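See structure below.
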Number of protein chains: 2
Amino acid sequence: MEKQNYTRDNMADLLRAHDINPTHQRIEIAYALFARQEHLSADQIMTIVNDRHSETSKATVYNTLNLFKQHNLIREVIVDPSKVFYDPNTGPHHHFFNLETGELIDIDAGDVQIQGLPALPAGMVTEGVDVIVRIRPSNA
Amino acid sequence: MEKQNYTRDNMADLLRAHDINPTHQRIEIAYALFARQEHLSADQIMTIVNDRHSETSKATVYNTLNLFKQHNLIREVIVDPSKVFYDPNTGPHHHFFNLETGELIDIDAGDVQIQGLPALPAGMVTEGVDVIVRIRPSNA
DNA sequence: AAATGGATTAGACAAAGTCCAAATTCTAGG
DNA sequence: CCTAGAATTTGGACTTTGTCTAATCCATTT
Ligand SMILES: [Mn+2]
Ligand SMILES: [Mn+2]
Ligand SMILES: [Zn+2]
Ligand SMILES: [Zn+2]
């Protein structure tokens with residue numbers, strides 16, 4: 001929407017803005033997610049980041065993704081039973097989930113209303129509401 | 001709602017009604033889910049089924065749960081990044097997910113309306129819509 | 001340059017789930 | 001009742017995702 005120039009340089013600024021010390025590896029991982037604006041698994045990110053040249057270990061990929069998550073730079077999407085997807089979009093939104101390809105497509109939450117949800121159990125508050133629309137090719 | 005007498009005997013009928021050959025192990029696994037009407041992981045089911053006496057292998061637990069799912073006797077709930085929950089309720093419904101305890105609570109879908117979802121990508125049909133309300137204790 | 005604290009790493013480890021070939025159990029026919 | 005064939009179950013190897021730890025590396029400060 002607003003800014004769409006995702007270079008490695010302003011990845012460092014983005015990280016600093018979230019109180020994250022920008023290191024080589026962290027910049028590469030952030031760049032992989034933000035430049036593409038896609039939903040990626042840890043394994044995909046590891047492949048992308050190590051594709052060109054530099055080496056980033058599996059431990060660092062997981063460390064970094066969990067760090068980004070804690071600082072609200074990215075969020076997780078739980079939709080595939082076998083792996084977590086990491087999402088550079090932290091704004092309120094939902095997802096189409098293509099059951100055929102595993103692809104995720106964002107749905108802006110601004111246009112969506114959910115009505116008729118029952119009252120929360122006593123002493124509970126809502127942390128968030130996730131809507132997942134599972135879709136597949138019609139000619140399947 | 002309707003029937004709430006879940007005995008091992010009518011588990012066999014239930015399995016036959018879904019074209020599943022009722023074996024000892026399948027009856028025990030179905031009984032674990034339907035008598036409790038809870039959302040259980042494969043590991044929890046394995047523990048329950050082997051608790052009293054008989055032995056059921058891990059392979060059979062997974063084989064059976066996948067078989068039940070294929071025959072629409074149960075459904076999966078994908079909400080915890082580390083394990084799948086199996087749900088004896090196949091009617092349309094959503095879930096509260098207690099982030100503290102991992103507990104799932106059903107929300108009947110009859111009362112819930114979702115409006116403002118965008119059009120599906122071309123050539124796609126909806127397989128289902130899942131709503132997950134993540135909740136946590138307010139005094140956290 | 002040395003010290004320090006943070007970051008990264010290899011590799012061991014754990015947990016969920018799948019796969020396979022062998023063994024068991026079930027079913028039908030004779 | 002007995003047996004062949006089919007269906008089911010099983011132990012254990014294997015894969016994948018993710019975590020953990022102790023050693024190493026690196027950046028910043030003095
Ligand atoms: Mn899994
Ligand atoms: Mn996992
Ligand atoms: Zn998204
Ligand atoms: Zn449910």
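Every value quoted in this text rests on a predicted model; they were computed, and no experiment measured them. In what follows, chains are A, B, ... by sequence order, proteins preceding strands, each numbered from 1.
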- Could you tell me the separation between the CE atom of Met46(A) and the P atom of dT17(D), rounded to a whole number of Å? 12 Å
- Evaluate side-chain hydrogen bond (donor to acceptor under 3.5 Å, both in side chains) for Thr60(B) paired with Asn63(B), printing each intermediate quantity in order. CA-CA 5 Å; Thr60(B) 296; Asn63(B) 285 347; 5.0 Å; no
- Query: Rounded to whole angstrom units, what separation is found between the CD1 atom of Ile45(B) and the P atom of dA15(C)?
  - Reply: 19 Å
- Message: Strictly below 4.0 Å: does Tyr62(B) bring a side-chain N or O up to OP1 or OP2 of dG17(C)?
- Response: yes
- Query: What is the distance, rounded to the nearest whole Å, between atom CD1 of Ile27(B) and atom C1' of dT25(C)?
  - Reply: 14 Å
- Task: Please check if the side chain of Asp87(A) supplies one atom and the backbone of His39(A) the other of a donor-acceptor pair under 3.5 Å.
- Result: no
- Message: If I take atom CD in residue Gln70(A) and atom P in nucleotide dT19(D), what distance separates them, rounded to the nearest angstrom?
- Response: 11 Å
- Message: Rounded to whole Å, how long is the line connecting atom CZ of Phe85(A) with atom C1' of dT16(D)?
- Response: 14 Å
- Query: Do Val49(A) and Gln25(A) have side chains that get closer than 4.5 Å, going by heavy atoms?
  - Reply: no
- Message: Tell me the interatomic distance from Glu28(B), atom CD, to dT8(D), atom P, rounded to whole angstroms.
- Response: 17 Å
- Query: With a 4.5 Å limit on heavy-atom distance, are the side chains of Glu100(B) and Met124(A) in contact?
  - Reply: no
- May I ask you to say what Asp80(A) touches in the nucleic acid, namely base, sugar-phosphate or nothing, with a heavy-atom cut-off under 4.0 Å? nothing
- Residue His71(B) excluded, over 12 heavy atoms near NE2 under 6.0 Å: yes
- Per-nt protein contacts along nucleotides 6-12 of chain C (heavy atom under 4.0 Å; B base, S backbone sugar-phosphate only, - none) come out as -SSBB-B
- Message: Please give me the minimum heavy-atom distance between Arg75(B) and Thr90(B), naming the atom from each residue.
- Response: N-CG2, 4.1 Å
